[in-house]
Amino acid sequence: MVEYDFKKIEKKWQDKWDEANAFAAENGSDKKKFYALIEFPYPSGQGLHVGHPRSYTAMDIIARKRRMQGYNVLYPIGWDAFGLPAENYAIKNNVHPAVITAKNVANFKRQLKMLGFSFDWSREINTTDPKYYKWTQWIFIQLFKKGLAYKKEMPINWCTSCNVGLANEEVVNGVCERCGGEVIQKRQSQWMLKITEYAERLINDLDDIDFLEKIKTQQRNWIGRSEGAEVTFKLTTGDDMVVYTTRSDTLFGATYTVISPEHPLIEKLADTIENYDEVKAYQAAAARKSEFERTELAKEKTGVMLKGVKAVNPVTGTEIPVFVSDYVLVTYGTGAIMAVPAHDTRDWEFAKKFGLPIIEVVSGGKNVQEEAYTDVYKGTMVNSGFLTGMKVKDAIPAMIDYLEKEGLGKRKVNYKLRDWVFSRQRYWGEPIPIVHCDKCGYVPIPESELPLVLPDMEEFKPGENGESPLAHATEWINTKCPCCGGPAKRETDTMPQWAGSSWYFLRYTDAHNDKALASKEALDYWTPVDWYNGGMEHTTLHLLYSRFWHKFLYDIGVVPTKEPYQKRTSHGMILGENGEKMSKSRGNVINPDDVVNEVGADAFRMYEMFLGAFDQSTPWSQQGLKGCYKFIERVWNLQKIMTDEEGYSADIEKLAHKTIKKVGDDFERMKFNTAIAAMMSFVNEVSKKGSITKGEYMTLITLLNPVAPHMTEELWEMYGEGGLLSLRQWPEYDEAKTVDDEIEIVVQINGKIRDKAMVPAGLDREGLQKTALESEKIKALIEGKNVVKVIAVPGKLVNIVVK
RNA sequence: GCGCCUGUGGCGGAAUUGGCAGACGCGCCAGACUUAGGAUCUGGUGUCCCCGACGUGAAGGUUCAAGUCCUUUCAGGCGCACCA
């Protein structure tokens with residue numbers, strides 16, 4: 001027998017698969033399709049992280065199994081290659097981002113090939129390829145035409161370190177998601193996408209798709225739907241002030257109102273507000289605060305009362321003060337609230353600080369002078385006119401009905417979700433295909449001129465004062481208006497990295513089409529994606545954005561389904577050996593190149609799947625890795641004890657059928673660790689027995705093939721029936737042969753195990769009871785005691801209750 | 001603060017509907033082979049006062065029976081975070 005030489009074997013089969021184009025998906029096939037998807041990587045300079053192959057191997061296993069089950073499988077790969085790191089590198093080293101990107105892609109490709117993934121490389125895509133981003137730009141123009149892309153000057157999140165605007169989703173804990181830099185509010189003219197228009201559908205359609213519940217929950221929370229009412233408060237100046245509230249039941253307890261510092265009413269009332277200077281100063285102070293400070297300072301409420309202006313509570317007729325405070329956000333609701341300190345913690349804190357009256361209108365809690373009572377389930381209305389005596393849940397609609405009847409307010413649904421800030425002041429992104437003409441305004445370039453290619457530049461430094469590097473590309477910027485032919489200027493901001501990834505899965509279905517983003521036939525056949533695995537960190541970013549784009553494309557008739565992904569799962573992180581997050585600074589990074597060099601791709605893949613529960617974070621272990629290598633070698637060495645027998649031997653048959661069932665089921669549930677454990681047990685059994693039939697061996701390597709494709713192909717070539725094992729049929733099991741004829745049952749007395757017995761599998765209650773009571777051990781133990789009850793569970797146990 | 005998740009041997013982790021806790025792997029111990037072993041193979045390995053008892057973060061509860069269900073609580077992680 002030859003020694004196990006993974007270096008030789010792995011290279012050999014990777015070449016063979018390439019030559020045979022073994023994993024190419026077929027367009028126009030009659031076969032059932034299966035579309036497996038992983039998040040295409042950003043090709044960073046660091047190369048592959050051990051986290052990437054966790055997801056890729058998992059879906060590779062599913063894809064390979066489906067292929068063996070006769071499906072036409074699409075398992076594609078590409079590069080999400082626009083983005084900041086390449087651009088920053090370019091600025092520092094004065095190399096074109098395209099050059100460094102190409103280099104990084106080549107390195108990633110080498111690494112992915114080395115791991116033996118069954119990707120269809122003929123459909124490889126790259127978001128920075130003009131042939132690709134032509135269609136990203138095309139989608140943008142369609143959004144623009146439908147009024148879903150608009151330019152607006154507004155305060156946005158600005159990363160002071162990257163010098164770039166950020167979407168709401170890109171700000172995490174008040175700092176930049178990418179670099180951790182400080183985020184401030186900056187007024188900037190921005191392209192925005194109206195994702196809020198789709199808020200309702202993005203929530204509702206979650207009901208029809210198979211996403212992990214925690215993913216759905218996170219998206220629902222992020223979109224943040226709330227039902228309430230807009231209520232109009234008259235001001236003593238005669239102006240109207242509209243507030244949003246979900247607790248209209250508490251209107252009788254509203255003792256003041258608050259508007260956000262950015263609220264336009266302040267400017268409008270400038271002449272009436274007696275302390276306008278003080279208000280102005282407060283506005284300025286609020287504007288200077290970063291997101292971080294605003295959340296940090298959340299403990300202590302600040303604000304200024306508008307002197308000379310009062311609001312009138314519409315149900316009590318009482319005049320109440322109007323404050324400006326930054327605990328009210330201009331971006332949510334109407335930017336103004338009615339404050340009910342007795343039943344809202346934030347209002348309570350503010351009222352305490354400013355000595356404002358606290359009036360109880362819901363009873364059932366503690367003294368509202370001591371603490372706000374916010375429970376909406378148990379309380380009863382008091383001091384509330386016509387609402388008094390009602391339960392909160394009845395009082396809310398009753399009040400809204402009243403307000404609507406009296407013309408004082410109306411029902412309103414609000415979302416926390418905000419429109420998507422879509423401009424980036426960067427070079428290395430898709431140019432936004434819009435020109436600005438003084439006469440015609442913003443005009444999309446004709447679709448025939450797509451792609452609008454990035455101009456070649458020498459310098460990639462950002463322009464002055466938050467301008468894009470493209471501001472320096474004078475020749476490129478100046479153009480003609482497609483509408484009137486007059487002079488016009490191109491947009492110099494580019495799209496965010498999330499643009500290209502919002503539709504990439506559609507391109508895979510027909511990757512080389514130059515007439516459309518993909519043909520209708522290809523989209524009809526392949527979409528939706530059947531199973532998409534990716535990281536939790538993209539739940540409110542990529543996953544939400546791409547659902548939005550997909551719904552838009554559905555609305556304009558480009559794609560046939562409402563939702564892009566039928567099923568979404570998520571993997572846990574692989575931590576460093578010390579249990580901490582893997583990072584260069586912690587010095588606990590495991591490099592896939594080293595691992596493959598040491599134990600080979602098969603052992604690496606297996607360990608990635610074996611190290612823990614797929615959906616949980618688990619530390620890496622070099623020892624554990626060796627265990628998997630050892631197992632692979634043990635499988636290889638089974639050759640030594642292999643017999644010529646084709647089928648299963650009598651004593652292994654049941655185990656073989658059970659193993660086939662277990663491995664198949666566990667793969668489907670992404671319980672890869674237990675599937676591998678089952679195969680280990682199988683090997684332990686045949687090793688103990690000292691022989692394995694050829695039939696058993698071939699079944700074993702077929703089950704193992706999705707996990708360790710190279711060495712199983714090699715063994716198949718030596719002992720199998722020819723052809724590629726990767727394209728053979730998945731083994732079948734006989735349900736009848738997975739059940740034992742005789743099973744061991746447990747006999748308990750008062751829940752404690754006292755004896756065990758072998759009984760026929762189908763033995764009924766009476767039989768079990770009889771067996772248990774006839775046992776000598778049991779007889780001795782229950783001697784002289786009163787048997788109260790005997791519980792027999794067929795197939796499991798007998799429990800005798802005695803006194 | 002709110003929402004979600006996780007707590008099981010020395011370690012990573014198993015345990016479809018409540019029904020033998022600790023599968024499988026690592027580590028450790030012993031033995032075999034060996035000039036040698038950080039290679040390979042075989043056996044053992046939750047804890048203890050080892051007949052037996054105790055054991056799934058803690059405390060209660062439901063049940064003939066609880067890692068699994070309920071209540072309270074502690075610890076860790078993730079998400080959101082003044083969203084009215």
Side-chain angles (χ1 to χ4, degrees), chain A residues 172-174 212-222 224-226 228 243-248 250 257-258 260 291 294-295 297-299 301 325-329 331-340 343-347 349-350 374 414-418 536-537 539-540 572-573 575 579 606-607 610-613 615-628 630-631 633-634 637 665-666 669 671 673-684 687-688 744-753 756 788-802:
Chain A
V172 175
N173 291 326
L212 286 181
E213 204 48 46
K214 62 176 172 179
I215 296 174
K216 290 188 184 182
T217 306
Q218 232 181 78
Q219 289 209 344
R220 285 192 191 107
N221 290 346
W222 184 259
R225 186 180 198 275
S226 85
V243 305
Y244 175 72
T245 181
T246 55
R247 291 296 304 276
S248 33
T250 61
T257 63
V258 189
S260 75
E291 279 283 314
R294 275 213 185 186
T295 47
L297 295 172
K299 290 170 190 97
K301 297 255 181 300
S325 173
D326 65 4
Y327 85 88
V328 174
L329 308 174
T331 45
Y332 186 75
T334 60
I337 63 154
M338 64 178 210
V340 186
H343 305 292
D344 182 286
T345 315
R346 297 152 302 181
D347 298 344
E349 284 168 17
F350 191 86
T374 57
N414 257 319
Y415 301 94
K416 286 201 278 185
L417 186 72
R418 300 182 207 172
M536 276 310 285
E537 69 275 17
T539 302
T540 54
M573 254 193 304
L575 306 168
M606 173 175 282
Y607 181 60
F610 186 68
L611 88 177
D615 57 352
Q616 271 165 239
S617 294
T618 314
W620 182 268
S621 155
Q622 208 61 25
Q623 293 294 345
L625 173 69
K626 286 207 187 112
C628 285
K630 236 163 73 175
F631 174 68
E633 217 173 27
R634 284 184 75 194
N637 290 336
D665 289 355
D666 282 359
R669 297 187 301 147
K671 301 265 183 188
N673 53 340
T674 53
I676 292 166
M679 291 188 270
M680 287 173 167
S681 295
F682 184 85
V683 171
N684 288 345
S687 299
K688 205 183 283 174
E744 190 185 50
I745 58 134
V746 169
V747 184
Q748 299 178 325
I749 295 174
N750 290 343
K752 298 250 158 66
I753 299 153
K756 295 181 181 181
V788 180
K789 201 174 178 185
V790 179
I791 296 128
V793 183
K796 302 273 189 209
L797 50 64
V798 180
N799 190 10
I800 303 162
V801 186
V802 298

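A note on names: the letters A, B, ... follow the listed sequences, proteins ahead of strands, and every chain is numbered from 1. For the numbers below, each heavy atom of this structure counts, side chains included, while hydrogens, waters and symmetry mates do not.
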inquiry  = What's the closest nucleotide to the side chain of Thr674(A) if the choices are rA23(B), rA84(B), rG19(B)?
reply    = rA23(B)
task = Can you tell me, in whole Å, how much space there is between the C1' of rU8(B) and that of rA58(B)?
result = 15 Å
key: Salt-bridge criterion met for Glu213(A) and Arg220(A) (N-O under 4.0 Å)   = yes
request  = Could you please name the option among rG12(B), rC80(B), rA84(B) that lies closest to any side-chain atom of Pro619(A)?
outcome  = rG12(B)
task = Measure from the side chain of Lys688(A), starting at C-beta and using heavy atoms only, and say which of rA23(B), rA84(B), rG43(B) lies closest.
result = rG43(B)
inquiry  = Please determine whether side-chain contact (heavy atoms from CB on, under 4.5 Å) holds for the pair Leu212(A) and Met536(A), giving the CA-CA distance in whole Å, both sets of side-chain angles, and the decisive distance to 0.1 Å.
reply    = CA-CA 10 Å; Leu212(A) 286 181; Met536(A) 276 310 285; 5.6 Å; no
ask   = Is there a Watson-Crick or G-U wobble partner for rC48(B) with both distances under 3.5 Å, and which nucleotide is it?
value = rG52(B)
Heavy-atom check, side chain of Val746(A) versus side chain of Lys796(A), under 4.5 Å = no
query = Do the side-chain N or O atoms of Tyr332(A) get closer than 4.0 angstrom to the phosphate oxygens (OP1, OP2) of rA84(B)?
reply = yes
key: Integer-rounded Å distance: rU17(B) C1' and Lys796(A) NZ   = 9 Å
note = Nearest-nucleotide check on RNA chain B, Asn684(A) vs Val801(A); residue mapping nearer the 5' end is Asn684(A)
key: Closest listed nucleotide, where the reference is the side chain of Gln218(A) and the choices are rG13(B), rC4(B), rG79(B)   = rG79(B)
message = From CG of Leu611(A) over to C1' of rC11(B), roughly how many Å is that when rounded to an integer?
response = 13 Å
From rG3(B), rA14(B), rC20(B), nucleotide with atom closest to Asn221(A) side chain = rG3(B)
ask   = Starting at NZ of Lys752(A) and ending at C1' of rA66(B), how long is that distance when rounded to a whole Å?
value = 14 Å
key: Distance, rounded to the nearest Å, where Gln622(A) contributes CD and rG38(B) contributes C1'   = 14 Å
query = Is rG9(B) in the syn range, within 90° of 0, or in the anti range?
reply = syn
message = Any N or O donor-acceptor pair under 3.5 Å from the base of rC26(B) to the side chain of Lys626(A)?
response = no
query = According to the interplanar angle, ranging from 0 to 90°, do the rings of Tyr327(A) and Phe350(A) count as parallel (below 30°), tilted (30 to 60°) or perpendicular (above 60°)?
reply = tilted
query = Do Arg247(A) and Val340(A) come close enough that some side-chain heavy atom pair is under 4.5 Å?
reply = no
task = Please state whether the phosphate of rG27(B), meaning OP1 or OP2, lies under 4.0 angstrom from any side-chain nitrogen or oxygen of Gln623(A).
result = yes
query = Under a 4.5 Å cut-off applied to non-hydrogen side-chain atoms, are Gln622(A) and Leu625(A) in contact?
reply = yes
query = How long is the gap from NZ on Lys301(A) to CG on Asp347(A), to the nearest 0.5 Å?
reply = 8.5 Å
query = Gln748(A) has an atom CD; how far is it from atom P of rU63(B), in whole Å?
reply = 17 Å
Of the listed nucleotides rC24(B), rC80(B), rA84(B), the one nearest the side chain of Ser681(A) = rC24(B)
key: Residue Asp344(A), side-chain heavy atoms: nucleotide from rA84(B), rA23(B), rC64(B) that is nearest   = rA84(B)
ask   = Contact class for Ile753(A) vs. all strands (heavy atom < 4.0 Å): base, sugar-phosphate, or nothing?
value = sugar-phosphate
query = Checking only heavy atoms, does the side chain of Lys789(A) share a donor-acceptor pair with the base of rC64(B) at less than 3.5 Å?
reply = no
request  = Tell me which nucleotide among rC20(B), rG13(B), rC82(B) gets nearest to the side chain of Lys301(A).
outcome  = rC82(B)
Among rC4(B), rC20(B), rG19(B), the one nearest Lys756(A) by side-chain distance = rC20(B)
inquiry  = Would rC50(B) be called syn or anti here, given the cut-off of 90° from 0?
reply    = syn
inquiry  = On RNA chain B, does the nearest nucleotide to Met536(A) precede the nearest nucleotide to Asn750(A) from the 5' side, or the other way round? Give the residue.
reply    = Asn750(A)
request  = Let me know the distance between CZ of Phe610(A) and P of rC11(B), rounded to the nearest Å.
outcome  = 17 Å
key: Protein-nucleotide distance (Arg220(A), atom CZ; rG79(B), atom P), rounded to Å   = 20 Å
message = Between P on rG25(B) and OH on Tyr607(A), what's the gap in Å once rounded to a whole number?
response = 14 Å
request  = Report yes if a side-chain nitrogen or oxygen of Ser617(A) is closer than 4.0 Å to either non-bridging phosphate oxygen (OP1 or OP2) of rG77(B); otherwise report no.
outcome  = no
task = Taking only the side-chain nitrogens and oxygens of Lys630(A), find out if one of them lies under 4.0 Å from OP1 or OP2 of rC26(B).
result = yes
key: Options rG25(B), rA84(B), rG12(B), nucleotide nearest the side-chain atoms of Thr618(A)   = rG12(B)
